[in-house]
Amino acid sequence: MDPEELVTLTDHGTMKLRSAVVRAMILPAKERKRAKIVREGEPAILIFKQIRNLGAKWDERRGSSPRGNRQQRRFRSRGNGRKSRSIAR
């Protein structure tokens with residue numbers, strides 16, 4: 001399936017398939033169970049189990065976890081209003 005394909009995520013509108021998959025994955029559990037993606041191709045309707053599998057397949061192809069190998073940056077207050085940056089490893 002083409003991640004750039006325009007689809008409709010029920011109750012959330014029209015967007016690219018990749019965005020619809022990501023948005024469905026971050027929905028609250030109750031909404032996630034009801035999430036459906038409607039598309040022109042086959043299958044025409046993707047239920048959440050299929051959405052989850054598609055997202056996992058795309059992650060495997062990228063060769064990374066959802067967080068990837070990015071370094072996380074945290075900001076800590078010094079107490080005087082200025083912030084220092086530290087990189088978590």
Side-chain angles (χ1 to χ4, degrees):
M1 288 186 224
D2 178 14
E4 300 298 312
E5 173 187 358
L6 284 180
V7 299
T8 301
L9 176 60
T10 53
D11 299 328
H12 293 273
T14 302
M15 61 194 77
K16 292 181 181 180
L17 180 57
R18 181 178 307 280
S19 298
V21 168
V22 170
R23 183 174 277 189
M25 297 300 291
I26 63 172
L27 289 171
K30 226 177 203 180
E31 287 183 56
R32 203 178 309 141
K33 289 179 183 177
R34 290 182 270 139
K36 290 183 180 75
I37 293 177
V38 181
R39 53 188 298 265
E40 293 291 322
E42 286 296 320
I45 297 176
L46 301 173
I47 60 173
F48 183 71
K49 183 177 180 180
Q50 294 167 307
I51 296 168
R52 184 182 63 220
N53 291 341
L54 184 57
K57 186 189 315 182
W58 286 344
D59 276 343
E60 283 177 13
R61 285 185 184 164
R62 279 191 3 218
S64 66
S65 68
R67 290 181 170 223
N69 294 325
R70 290 178 274 161
Q71 293 179 338
Q72 295 178 340
R73 294 181 184 177
R74 286 187 281 155
F75 293 93
R76 284 188 269 176
S77 175
R78 289 185 177 170
N80 59 1
R82 294 189 303 168
K83 298 190 184 240
S84 66
R85 191 183 309 198
S86 67
I87 298 176
R89 293 180 186 204

Closest approach of Trp58 and Arg18, non-hydrogen atoms and distance? CZ3-CA, 3.6 Å

With rounding to the nearest 0.5 angstrom, report the CG to CZ distance, Leu46 to Arg52. 13.0 Å

Same cluster (ILVMFWY, side-chain, under 4.5 Å), Val22 and Leu17: no

Could you check Ile37 against Leu54 for side chain to side chain contact (heavy atoms under 4.5 Å, CB included), going step by step and ending with a plain yes or no? CA-CA 12 Å; Ile37 293 177; Leu54 184 57; over 6 Å; no

Which atom of Ile51 lies closest to which atom of Ala24, heavy atoms considered: CG2-CB, 3.9 Å

Taking only distance into account, with no hydrogens and no angle test, what donor-acceptor pairs under 3.5 Å do side-chain atoms of residues 4-14 form with protein atoms, sequence neighbours excluded?
{"unit_1": "Glu4", "atom_1": "OE1", "unit_2": "Lys16", "atom_2": "NZ", "d": "2.9"}
{"unit_1": "Glu5", "atom_1": "OE1", "unit_2": "Arg39", "atom_2": "NE", "d": "3.2"}
{"unit_1": "Glu5", "atom_1": "OE1", "unit_2": "Arg39", "atom_2": "NH2", "d": "3.0"}
{"unit_1": "Glu5", "atom_1": "OE2", "unit_2": "Arg39", "atom_2": "NE", "d": "3.2"}
{"unit_1": "Thr10", "atom_1": "OG1", "unit_2": "Lys36", "atom_2": "N", "d": "3.3"}
{"unit_1": "Thr10", "atom_1": "OG1", "unit_2": "Lys36", "atom_2": "O", "d": "3.4"}

Kindly give the heavy-atom pair with the smallest separation between Leu27 and Ala35, and that separation in Å. CD1-CB, 4.1 Å

Minimum-distance pair of heavy atoms, taken over all atoms of Gln50 and Pro43: NE2-CG, 4.4 Å

